[in-house]
Enquirer: 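Please find one structure pasted underneath; my questions will follow.
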Amino acid sequence: MSGIPHVLAVAGSDPSGGAGVQADIKSIMACGGYGMAALTALTAQSTQGVSAVHAPPTGFLRQQLDTLASDVRIDAVKIGMLGTAAAIDTVSAWLDALPERPPVVLDPVMVATSGDRLLDPEAERALHGLIARADVVTPNLPELAALVDEPVARDWGVALRQVRGLAARHDVLVLAKGGHLDGPRCPDALVGPDGPIATFDDERIPTTSTHGTGCSLSSALATLYARERDWPWATRLARAWVRRAIEAADALDVGRPGGHGPLHHAHALWSGERPPRRSAEPDAWWEDIAALRRELDEVWFVRQLADGSLDPARFAAYLEQDALYLGAYARLLERASELAPDSAESAFWAEAARRCVTEELALHRSYLAPGGADDGSSPHAAAPSAETAAYLAHLERAAQAGDHAVLVAALLPCFWLYQDLGARLASVSREGHPYAEWLDAYGDPGFASATAEAIAWTRRAARAASDDRVARMRAAFETSCRHELAFFAQTGATTP
Ligand SMILES: Nc1ncnc2c1ncn2[C@@H]1O[C@H](COP(=O)(O)OP(=O)(O)OP(=O)(O)O)[C@@H](O)[C@H]1O
Ligand SMILES: Cc1ncc(COP(=O)(O)O)c(N)n1
């Protein structure tokens with residue numbers, strides 16, 4: 001494979017170029033794929049609406065699909081307007097006849113933005129058969145309502161419930177789209193039978209140029225999935241790309257006022273950007289744990305630490321555990337130093353281990369035993385909690401495996417999550433705040449630059465690693481992040 005995925009749009013034609021296969025091909029190209037199209041229907045359409053629909057015989061649709069598949073490798077399929085139950089059945093039968101079914105994104109087009117119908121009402125039932133053959137379905141809210149036979153959702157909670165019902169019914173992923181909601185936000189969610197697996201929430205862009213957003217998003221998703229092989233990532237990238245195409249739409253001047261103009265599909269291409277792609281490791285891991293990071297901000301202990309209302313006894317209990325943790329963590333940093341592939345990196349981890357003991361543990365001591373002896377001993381002989389023990393056991397296992405790349409990935413969250421949280425906490429520090437010294441320490445620029453360096457060494461290790469080792473690095477990183485969350489939550493599991 002050349003690395004450029006072949007993406008087939010099975011959809012209708014929109015001569016105005018904003019929706020349908022015209023939008024599909026533009027989106028596929030902009031997202032780094034080779035675009036192909038089999039036509040299900042011709043529409044007479046402009047930015048003002050649809051004036052006629054002509055559907056070729058379904059035998060001809062099948063012939064387009066078979067002729068293509070007998071020659072060209074198809075890496076992903078996007079299905080859009082189908083028009084009739086007969087076309088739906090034709091596409092279902094063709095998918096079943098393929099020796100290997102490629103990933104399928106189904107945009108169940110029923111009604112255009114202009115309000116014109118693009119699917120026979122009696123064909124809605126037949127769509128369920130095709131949904132069961134798709135990997136992801138991308139209905140807008142009115143389409144979703146028709147598919148679950150309920151009124152159109154007016155709030156996001158209802159939409160998510162409907163989407164989950166559809167996902168469970170057909171065991172598919174459903175992308176719930178908030179484009180049709182009222183209000184200033186435009187949320188989307190990728191939902192499986194067990195609930196959301198990725199959620200997104202952006203501001204609504206004030207514009208009438210939304211003709212073809214659904215077509216463009218689903219084509220971008222099929223293309224980016226074919227390249228990235230990860231639905232949440234492909235969704236994130238596709239949404240971000242569509243959003244920028246909506247934002248850039250005013251650069252175009254297509255159609256008379258009063259209609260719905262197209263997106264600017266070439267917005268990034270014309271400014272010389274490469275097609276969207278997933279960020280490199282470990283930045284990709286960081287984006288993957290966005291929900292966990294939000295959860296961390298909401299931990300009761302963190303909120304009360306920030307506003308200064310935290311009970312000092314609870315803070316002391318946390319510090320005792322943290323001191324125990326840091327003592328062991330410093331030894332593991334030394335192990336990373338021993339395993340490092342060169343002296344520059346080795347020096348970094350050794351220095352991090354030294355700072356961990358001399359600066360961070362010293363700060364703990366000053367809180368736990370003001371004026372106490374600075375003899376390097378642990379400030380308190382508390383026993384490790386279950387959370388501390390579990391986190392350290394995970395890190396010890398990574399160290400014992402002797403794989404430098406996996407160990408540094410496991411050690412990284414203790415830098416990164418603290419630095420990220422610390423930067424926010426430092427901004428609320430003020431004179432007289434009971435935990436000012438603590439907040440200031442984590443907002444320290446020295447700690448920020450050490451974190452940046454730890455990220456850079458991990459990035460270098462990931463670049464040199466095999467796919468399999470990168471997967472182990474990622475798992476080690478994510479597990480450490482979950483332990484960090486549990487660690488913060490341990491003293492605040494119950495509100496006082
Ligand atoms: N005004 C807007 N601002 C920001 N994002 C938008 C806006 N309108 C739609 N979107 C986004 O565009 C994508 C398509 O959503 P939408 O709900 O409009 O689908 P659709 O109705 O199928 O599209 P179409 O307009 O092609 O029928 C979603 O990711 C949605 O969040
Ligand atoms: C051929 C064709 N396919 C799909 C749509 C839906 O797009 P939109 O809802 O943005 O009008 C359309 N208008 N025309």
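Worth knowing before you read on, the calculation uses all heavy atoms, side chains too, and leaves out hydrogens, waters and symmetry mates. For ligands, and for the atoms within them, numbers begin at 1 and follow the listed sequence.
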Enquirer: Under the 3.5 angstrom rule, does the side chain of K26 hit a backbone N or O of G17 as a donor-acceptor pair?
Expert: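 Looks like yes, one N/O pair under 3.5 Å.
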
Enquirer: Does G178, backbone or side chain, put an N or O under 3.5 Å from an N or O of ligand 1?
Expert: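 The answer is no, given that G178 and ligand 1 share no N or O pair closer than 3.5 Å.
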
Enquirer: Which ligand 1 atoms does R243 reach within 4.0 Å, using its non-hydrogen atoms?
Expert: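 This gives 4 (C) as the contact atoms.
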
Enquirer: Of the backbone atoms (N, CA, C, O) and the side-chain heavy atoms from C-beta on, which set of L217 has a member under 4.0 Å from an atom of ligand 1: side chain, backbone, both, or neither?
Expert: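 It is the side chain that touches ligand 1; the backbone stays farther off.
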
Enquirer: Please state which protein non-hydrogen atom is closest to atom 8 (P) of ligand 2 and give its distance, to 0.1 Å?
Expert: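 Checked against all protein heavy atoms, atom 8 (P) of ligand 2 sits closest to T113 OG1, 3.1 Å.
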
Enquirer: Charged N to carboxylate O below 4.0 Å: is that the case for R303 and D307?
Expert: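 The answer is no: the pair does not qualify as a salt bridge.
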
Enquirer: Would you mind checking which non-hydrogen protein atom is closest to atom 26 (O) of ligand 1, with the distance to 0.1 Å?
Expert: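 Checked against all protein heavy atoms, atom 26 (O) of ligand 1 sits closest to G214 N, 2.7 Å.
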
Enquirer: Checking the N or O distance criterion of under 3.5 Å, is ligand 1 in contact with V242?
Expert: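 No; every N/O pair is 3.5 Å or more apart.
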
Enquirer: Are any of the N/O atoms on N140, whether in the backbone or the side chain, positioned under 3.5 angstrom from an N/O atom of ligand 1?
Expert: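 N/O-N/O distance under 3.5 Å: yes.
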
Enquirer: Going by the order shown, which atoms of ligand 2 are within less than 4.0 Å of some heavy atom of G12?
Expert: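 Those qualifying, in numeric order: 1 (C).
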
Enquirer: Output the list of atoms in ligand 2 that are nearer than 4.0 Å to some heavy atom of S13, sorted by atom number.
Expert: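 Atoms satisfying the 4.0 Å criterion: 1 (C).
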
Enquirer: Does an N or O anywhere in H211 fall below 3.5 Å from an N or O of ligand 2?
Expert: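 Yes, H211 has an N/O under 3.5 Å of an N/O on ligand 2.
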
Enquirer: Starting from atom 4 (C) of ligand 2, find the nearest protein heavy-atom neighbour and note its residue, name and distance.
Expert: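 That would be C215 SG, 3.5 Å.
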
Enquirer: Starting from atom 27 (O) of ligand 1, which protein heavy atom do you reach first, and at what distance in Å?
Expert: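 Checked against all protein heavy atoms, atom 27 (O) of ligand 1 sits closest to T113 OG1, 3.6 Å.
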
Enquirer: Could you tell me whether ligand 1 has any atom less than 4.0 Å away from a heavy atom of G212?
Expert: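 Flag set, G212 near ligand 1.
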
Enquirer: Name the one of D188, T235, D107 that satisfies side chain to side chain donor-acceptor pair (under 3.5 Å) with T138?
Expert: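 Checked D188, T235, D107 against T138; only one passes side chain to side chain donor-acceptor pair (under 3.5 Å): D107.
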
Enquirer: Could an N or O of ligand 2 be found under 3.5 Å from any N or O of G212, whether backbone or side chain?
Expert: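 Between G212 and ligand 2 (N or O atoms, distance only) the closest approach is under 3.5 Å.
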
Enquirer: Is it the case that the side chain of Q162 and the backbone of A159 share a donor-acceptor pair, with hydrogens and angles ignored and the cut-off at 3.5 Å?
Expert: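 Side chain of Q162 to backbone of A159, a donor-acceptor pair under 3.5 Å: no, none is there.
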
Enquirer: Just need the protein heavy atom nearest to atom 18 (O) of ligand 1, so name the residue and atom and give the distance.
Expert: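 Going atom by atom, the protein heavy atom closest to atom 18 (O) of ligand 1 ends up being T213 OG1, 3.3 Å.
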
Enquirer: Please assess Q63 against D66 for the test side chain to side chain contact (heavy atoms under 4.5 Å, CB included), listing each intermediate value before the final yes or no.
Expert: CA-CA 5 Å; Q63 199 166 351; D66 284 338; 5.8 Å; no

Enquirer: Applying the side-chain contact (heavy atoms from CB on, under 4.5 Å) criterion to I455, which one of W416, F415, W286 satisfies it?
Expert: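 Going through the options one by one, the only one that passes is W416.
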
Enquirer: For H211 and T47, which I'm curious about, is there any donor-acceptor pair between the side chains at under 3.5 Å?
Expert: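 No pair is found: no donor N or O on one side chain lies under 3.5 Å from an acceptor on the other.
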
Enquirer: Would you check if the side chain of S271 reaches a backbone N or O of E273 as a donor-acceptor pair within less than 3.5 Å?
Expert: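 No, the answer is negative, given that no donor and acceptor are paired below the 3.5 Å cut-off.
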
Enquirer: Give the contacting part of T138 toward ligand 1: side chain, backbone, both or neither, where contact means a heavy-atom distance below 4.0 Å.
Expert: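 For T138, no heavy atom sits under 4.0 Å from ligand 1.
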
Enquirer: What residue and atom, counting heavy atoms only, is the protein's closest point to atom 5 (C) of ligand 2, and at what distance?
Expert: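 Result for atom 5 (C) of ligand 2: L118 CD1, 3.6 Å.
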
Enquirer: Just which atoms of ligand 1 are under 4.0 Å from any heavy atom in I246?
Expert: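 By the 4.0 Å cutoff, the relevant atoms are 5 (N), 6 (C), 7 (C), 10 (N).
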
Enquirer: Please could you name the atoms of ligand 1 that R204 approaches to less than 4.0 Å, counting only its heavy atoms?
Expert: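 What qualifies from ligand 1 is 1 (N), 3 (N).
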
Enquirer: Taking the basic N atoms (NZ, or NE/NH1/NH2) and the acidic carboxylate oxygens, is any pair closer than 4.0 Å for E478 and R474?
Expert: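 Salt bridge present between E478 and R474.
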
Enquirer: Taking N or O atoms only and a 3.5 Å limit, does E203 qualify as a polar contact for ligand 1?
Expert: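 Min N/O separation from ligand 1 is not below 3.5 Å for E203.
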
Enquirer: Considering distance alone, does some N or O of T210 sit under 3.5 Å from an N or O of ligand 1?
Expert: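 Checking ligand 1 against T210, an N or O pair does fall under 3.5 Å apart.
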
Enquirer: For W233, does the six-membered ring have the charged nitrogen or CZ of R236 within the cation-pi criterion, i.e. under 6.0 angstrom from the centroid and within 45° of the normal?
Expert: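 Cation-pi check for R236 and W233: passes.
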
Enquirer: Can you tell me the protein heavy atom closest to atom 29 (O) of ligand 1 and the distance?
Expert: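 Answer for atom 29 (O) of ligand 1: D188 OD2, 2.5 Å.
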
Enquirer: Any N or O on H180 sitting closer than 3.5 Å to an N or O of ligand 1?
Expert: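 N/O-N/O distance under 3.5 Å: yes.
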
Enquirer: Could you pull out the closest heavy-atom pair between A87 and T58, with the gap in Å?
Expert: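 In terms of heavy atoms, the two residues are closest at N-CG2, 3.7 Å.
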
Enquirer: Run the ring pair (Phe, Tyr, Trp, His ring centres under 6.0 Å) check on Y418 and F488 step by step: do they pass?
Expert: CA-CA 11 Å; Y418 260 97; F488 273 109; 5.3 Å; yes

Enquirer: When you look at W231 and L221, which way does the side chain to side chain contact (heavy atoms under 4.5 Å, CB included) test go after all the steps?
Expert: CA-CA 8 Å; W231 287 116; L221 180 57; 4.0 Å; yes

Enquirer: With nothing but distance in play, are any N or O atoms of K177 less than 3.5 Å from an N or O of ligand 1?
Expert: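 There is such a contact, yes.
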
Enquirer: Has T210 got a side-chain atom pairing as donor or acceptor with T213's backbone, closer than 3.5 angstrom?
Expert: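 No: the side chain of T210 does not pair with the backbone of T213.
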
Enquirer: Among all protein heavy atoms, pick out the one at the shortest distance from atom 1 (N) of ligand 1; state its residue, atom name and that distance to 0.1 Å.
Expert: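 I find the closest protein heavy atom is I205 O, 3.0 Å.
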
Enquirer: Below 4.0 angstrom from a heavy atom of C186, which ligand 1 atoms are there? Numbered from 1 as shown, please.
Expert: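 Heavy-atom distances to C186 below 4.0 Å select 4 (C), 5 (N), 6 (C), 7 (C), 10 (N), 31 (O).
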
Enquirer: I'd like to check whether Q45 has a polar contact with ligand 2, where a contact means an N/O of the residue lying under 3.5 Å from an N/O of the ligand.
Expert: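 Q45 vs ligand 2: N/O contact under 3.5 Å present.
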
Enquirer: Salt bridge check, D283 against R459: does any charged N sit closer than 4.0 Å to a carboxylate O?
Expert: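 Answer for the salt bridge query: yes.
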
Enquirer: Within the distance-only criterion (no hydrogens, no angle test), does the side chain of Q64 pair as donor or acceptor with the backbone N or O of A38 below 3.5 angstrom?
Expert: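 Not a single qualifying donor-acceptor pair exists.
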
Enquirer: Find all atoms of ligand 1 within a distance of less than 4.0 Å from any non-hydrogen atom belonging to G179, and give their numbers and elements.
Expert: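 Reading through ligand 1 atom by atom, the close ones are 9 (C), 16 (P), 17 (O), 18 (O).
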
Enquirer: With no hydrogens and no angle check, is any side-chain donor or acceptor of D14 less than 3.5 Å from a backbone partner on G20?
Expert: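 Such a contact is absent between D14 side chain and G20 backbone.
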
Enquirer: Which ligand 2 atoms, with their elements, are less than 4.0 angstrom from a heavy-atom of G20?
Expert: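 It comes down to these atoms of ligand 2: 1 (C), 2 (C), 3 (N).
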
